[in-house]
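Values below: every heavy atom of this structure, side chains too, minus hydrogens, waters and symmetry copies.
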Amino acid sequence: MASAWWPCLILALLSGLAASGFPRSPSRPLGKRSLPEGVVNGIEVYSTKISCKVTSRFAHNVVTTRAVNRADTAKEVSFDVELPKTAFITNFTLTIDGVTYPGNVKEKEVAKKQYEKAVSQGKTAGLVKASGRKLEKFTVSVNVAAGSKVTFELTYEELLKRHKGKYEMYLKVQPKQLVKHFEIEADIFEPQGISTLDAEASFITNDLLGSALTKSFSGRKGRVSFKPSMDQQRSCPTCTDSLLNGDFIITYDVNRESPANVQIVNGYFVHFFAPQGLPVVPKNVVFVIDVSGSMHGRKMEQVRFSLRLGLIFPVKEEDYLNFILFSGDVTTWKDTLVQATPENIEEARTFVKNIDDQGMTNINDGLLRGISMLNKAREEHSVSERSTSIVIMLTDGDPNVGESRPEKIQENVRNAIGGKFPLYNLGFGNNLNYNFLESMALENHGLARRIYEDSDANLQLQGFYEEVANPLLTGVKVEYPENAIQDLTQSAYQHFYDGSEIVVAGRLLDEDMNNFKADVKGHGAINDLTFTEEVDMKEMEKALKEQDYIFGNYIERLWAYLTIEQLLEKRKNAHGEEKENLTAQALDLSLKYHFVTPLTSMVVTKPEDNEDQTAIADKPGEGPADTEVARSMAYLTSYQPPQTPYYYVDGDPHFIIQVPQRDDAICFNVDEDPGTVLRLIQDPITGLTVNGQIIGEKGGNSDSKTRKTYFGKLGIASAHMDFRMEVTPEKIILWSGAAQSTFSWLDTVTVTQDGLSVTINRKKNMVVSFGDGVTFVVVLHQVWKKHPVHQDFLGFYVVDSHRMSAQTHGLLGQFFHPFDFKVSDIHPGSDPTKPDATMVVKNHRLTVTRGSQKDYRKDASVGTKVACWFVHNNGQGLIDGVHSDYIVPNLF
């Protein structure tokens, strides 16, 4: 999975100060007061600012709060921030009357020794603890003398992960009192360009929000600012309490013109991959369900709902499924996987409704039965070869019958799955061995989710199912040139799910290289695909000179963040020397980049009663007791056509037929109205057809003598393969049967299936091969978008046809068979630069004119001149019949 946390990807903050021990009253009316408004128990919080800079999904967040003690005596001031569990604190400073007390990240054991003395005096406590499901709470308090000012500043970073098609920054806002200057400010810079940007708040009406909120985006930059006045913060017009108590959510996504994007800065790179328009890979889903006695009540209700939901969201008619129930023993709904037909789904709903709880918990046998069923279906070919298998287990507790040793169950499951498909574990309730479920899921390429017994449990389940509902690729591998990179993060993924994103980062061995190439390969629903991205380093440097938005070495820090995150995940299942090595690597990076991780602590020294006091910020774990602008280059840029006869149509439209035995070429034009579809190739034996639709100039020109027409749409089909392809200057659509895939000319991708290969070379051309012996090239011609007359069009080239049958016909196809011609009586024509001649071809005597056309296979903008004899009158006398014989009603 590309997403690391569910149900939402969050950037959450709770920023506020309050006098220690001061109870928050629900709604205090304005009254006579001697202190300025906004002062609570002598403490005025006069400024709180949350500043977020997001560059290429990597968020750098600074929370700053300033306060002054307006009382006559010293007061304790507290600073609280809630941040995502996925984030790493990188810095904290405390400034009192101009003196700054910094935090330092140290190895946990070293920090512990520094901390023990202060702890023994009972004056301090850990600063970071779990706060609900997704958040960690950072808390620090300090005594502030009368009249003194204090500034708290916390910095943390995280990689925003794409979930259901968007990145979400979820800010928990709760300042606890009116703040004179309160501001949330988010600046977003995405080299791919921002496609959507929105913001909303749960604690304020849209009318009030609109007056305090500004949001805008253009090109690569986006900005959100929320600056409510003190009056806008009031919970009522005459109240001194703040209504800022809830969620502030920013969502955005980036342009997906190309499925991949590579960015390189200072020798580090990050590679984002999120293709669109691919058909969903069919799934074989086995639900392994704990029906032991401990699931009684609310948890069993949640399981029933979960399964009913699972029958709606992730299961489609082409999928297969089954249910395995385990308590003390194991039972199944069906003996084998069954197709998710409407009838079977209805029967499954009835089955799920009647599930009851009883007995012990035999996790081992339940999982092994489900895994065996999936393996058997694959071995017996009872499911599609291109389908993918998934095991989803729903349980609430520890195994207590049969094989009950967690480490042995993990070994059994790992051996049974053999790396072939993922395991997802949904844990219900608080008193389960979550570490066991998470560890088992991670080592089988899945993940674990804790489902809390709260009112929104149904939404938690719905979010999970939506996340895994639509696999677009399986067996995804990201490849880079050998000996060009080092320190690569995870580059192989079992699945790519629609709406998510794969992120790979690493270091370049040669920082002076001129270009950088990356391939992403995967198995799709109907074919294998290879997406290629190539970056021109000089162009990259120009594109990333946005110093106002980009914070320094952000890609290096993104790489470090991702590397630490993945090392810590691997560490959960490691033992002995392997675990020691992973720990050492993660610790070294945590210290180098100043990250508070489970291996490090932040030591904060603060003044207390005329002596320094030490506190520690630790990162809590998840345990049983927790409460929780790249340029794509052509894949075949050096493509050289074979030295065999070739035939093509390009331009207005000009048909060119190369005749090798004469070392010469013949050409002709076809003049027809825009919208006309012409048959270019038809082979009844191989089942291949190619048709082209004519387009005209912008605005239209009805004068056939002066108008220019081109091919604006091509239809390529194989009846034997049940394959069709529609090509326009905007996009390429592939159908394999009813399954559809859509690509743009901004992609660089290779699609393969039995007997077929399609390679799209970004903004350049497309190579289509049917086995060994039939190869077509489609060339993209792009013109200035604001040109008053011309528009984009296509050229079509046949570079290999020797496997096509002797019965092939069409405006181009008829010339695949050997033919000859003779030219004589060359004499000056009406244009002195273009002599006329007499040609004998196909038993016809024709007057032809010497001219030239362009071959654009190597360079779509300039082309190579090809000399040819031009046949007038729409090729009459050269082609069989007349050109109107080749008009067909549609592309396919």
Side-chain angles (χ1 to χ4, degrees), residues 1-2 162 256-262 271-283 318 384-388 421 445 470-481 490-504 517-534 630 632-637 639 716 718 721-727 730-771 775-778 780:
M1 295 291 296
R162 190 165 183 252
R256 304 281 167 186
E257 294 172 339
S258 175
N261 179 259
V262 177
H271 183 184
F272 301 105
F273 177 72
Q276 297 185 121
L278 301 179
V280 175
V281 175
K283 302 182 299 297
E318 62 268 25
S384 168
E385 286 297 319
R386 286 197 169 270
S387 64
T388 185
F421 46 82
H445 308 290
N470 298 309
L472 301 185
L473 293 171
T474 63
V476 181
K477 294 182 179 179
V478 188
E479 299 178 353
Y480 304 96
Q490 182 180 342
S491 59
Y493 291 83
Q494 196 139 39
H495 288 114
F496 170 78
Y497 291 97
D498 190 23
S500 67
E501 183 174 60
I502 288 174
V503 182
V504 181
K517 180 183 173 185
D519 287 332
V520 183
K521 299 179 179 179
H523 308 299
I526 53 179
N527 41 43
D528 294 338
L529 300 100
T530 300
F531 298 84
T532 300
E533 189 81 1
E534 189 161 341
S632 295
M633 302 294 285
Y635 187 71
L636 294 173
T637 45
Y639 173 78
I716 303 172
S718 168
M721 299 174 65
D722 195 15
F723 171 83
R724 292 177 297 147
M725 175 190 300
E726 181 180 298
V727 187
E730 291 75 40
K731 61 185 177 181
I732 301 102
I733 305 175
L734 280 62
W735 290 273
S736 183
Q740 176 180 317
S741 305
T742 303
F743 303 94
S744 86
W745 282 100
L746 292 172
D747 295 331
T748 298
V749 57
T750 298
V751 180
T752 59
Q753 65 185 67
D754 291 342
L756 170 70
S757 172
V758 179
T759 298
I760 303 168
N761 298 311
R762 175 183 167 92
K763 297 173 71 172
K764 195 171 184 185
N765 60 35
M766 178 178 69
V767 181
V768 185
S769 296
F770 293 92
T775 300
F776 307 141
V777 175
V778 179
L780 173 65

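- No donor-acceptor pair closer than 3.5 Å links the side chain of Q753 to the backbone N or O of G755.
- Residues F743 and V758 form no side-chain contact, since every pair of their non-hydrogen atoms from C-beta on lies 4.5 Å or further apart.
- Using a distance-only test at 3.5 Å, with no hydrogens or angles considered, a donor-acceptor pair links the side chain of R762 to the main chain of L746.
- Residues satisfying the side-chain hydrogen bond (donor to acceptor under 3.5 Å, both in side chains) test with S384, not counting sequence neighbours, are none.
- For the pair F273/V478, no side-chain contact is recorded, criterion being any heavy-atom separation below 4.5 Å from C-beta on.
- At least one side-chain heavy atom of L278 sits less than 4.5 Å from a side-chain heavy atom of L529.
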Please report the C-alpha distance between L472 and V280 in whole Å, then the side-chain angles of each, then the deciding distance to 0.1 Å, and finally whether the side chain to side chain contact (heavy atoms under 4.5 Å, CB included) criterion is met. CA-CA 5 Å; L472 301 185; V280 175; 4.1 Å; yes

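- Partners of D528 according to the side-chain hydrogen bond (donor to acceptor under 3.5 Å, both in side chains) rule, which considers only residues two or more places apart in sequence or in another chain, are R386, H523.
- Side-chain contact check for E533 versus F531: every heavy-atom pair is 4.5 Å or farther apart.
- Using a 4.5 Å cut-off on side-chain heavy atoms (C-beta onward), F770 and I716 make contact.
- One finds the CD atom of E479 at 8.0 Å from the OG1 atom of T530 (value rounded to the nearest 0.5 Å).
- For the pair S741 and I526, the minimum side-chain heavy-atom distance is below 4.5 Å.
- Between Y480 and H271, the angle of the ring planes goes over 60°, which puts this pair in the perpendicular group of the 30/60° scheme.
- When all heavy atoms of Q494 and F421 are compared, the closest pair comes out as NE2-N, 3.1 Å.
- Every residue was checked against the side-chain hydrogen bond (donor to acceptor under 3.5 Å, both in side chains) condition with Q276, not counting sequence neighbours, and none meets it.
- Counting only heavy atoms from C-beta outward, the side chains of L756 and V768 approach each other to under 4.5 Å.
- To the nearest 0.5 Å, the span separating OG on S744 from NZ on K731 amounts to 10.5 Å.
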Side chains of residues 732-740: which donor-acceptor partners sit under 3.5 Å, not counting sequence neighbours?
unit_1	atom_1	unit_2	atom_2	d
W735	NE1	Q740	OE1	3.2
Q740	NE2	T742	OG1	3.4

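- H495 and Y497 have tilted rings, their planes meeting at an angle from 30° to 60° on a 0 to 90° scale.
- Under the rule for a side-chain hydrogen bond (donor to acceptor under 3.5 Å, both in side chains), the partners of R256 that lie at least two apart in sequence or sit in another chain are Y167, D253, E501.
- Between P282 and A525, the closest heavy-atom pair is CD-CB, 4.4 Å.
- Under the side-chain contact (heavy atoms from CB on, under 4.5 Å) criterion, V476 pairs with L473, Y493, F496, I502, V520, sequence neighbours left out.
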Show your working on side-chain hydrogen bond (donor to acceptor under 3.5 Å, both in side chains) between T752 and S757 and close with a plain yes or no. CA-CA 4 Å; T752 59; S757 172; over 6 Å; no

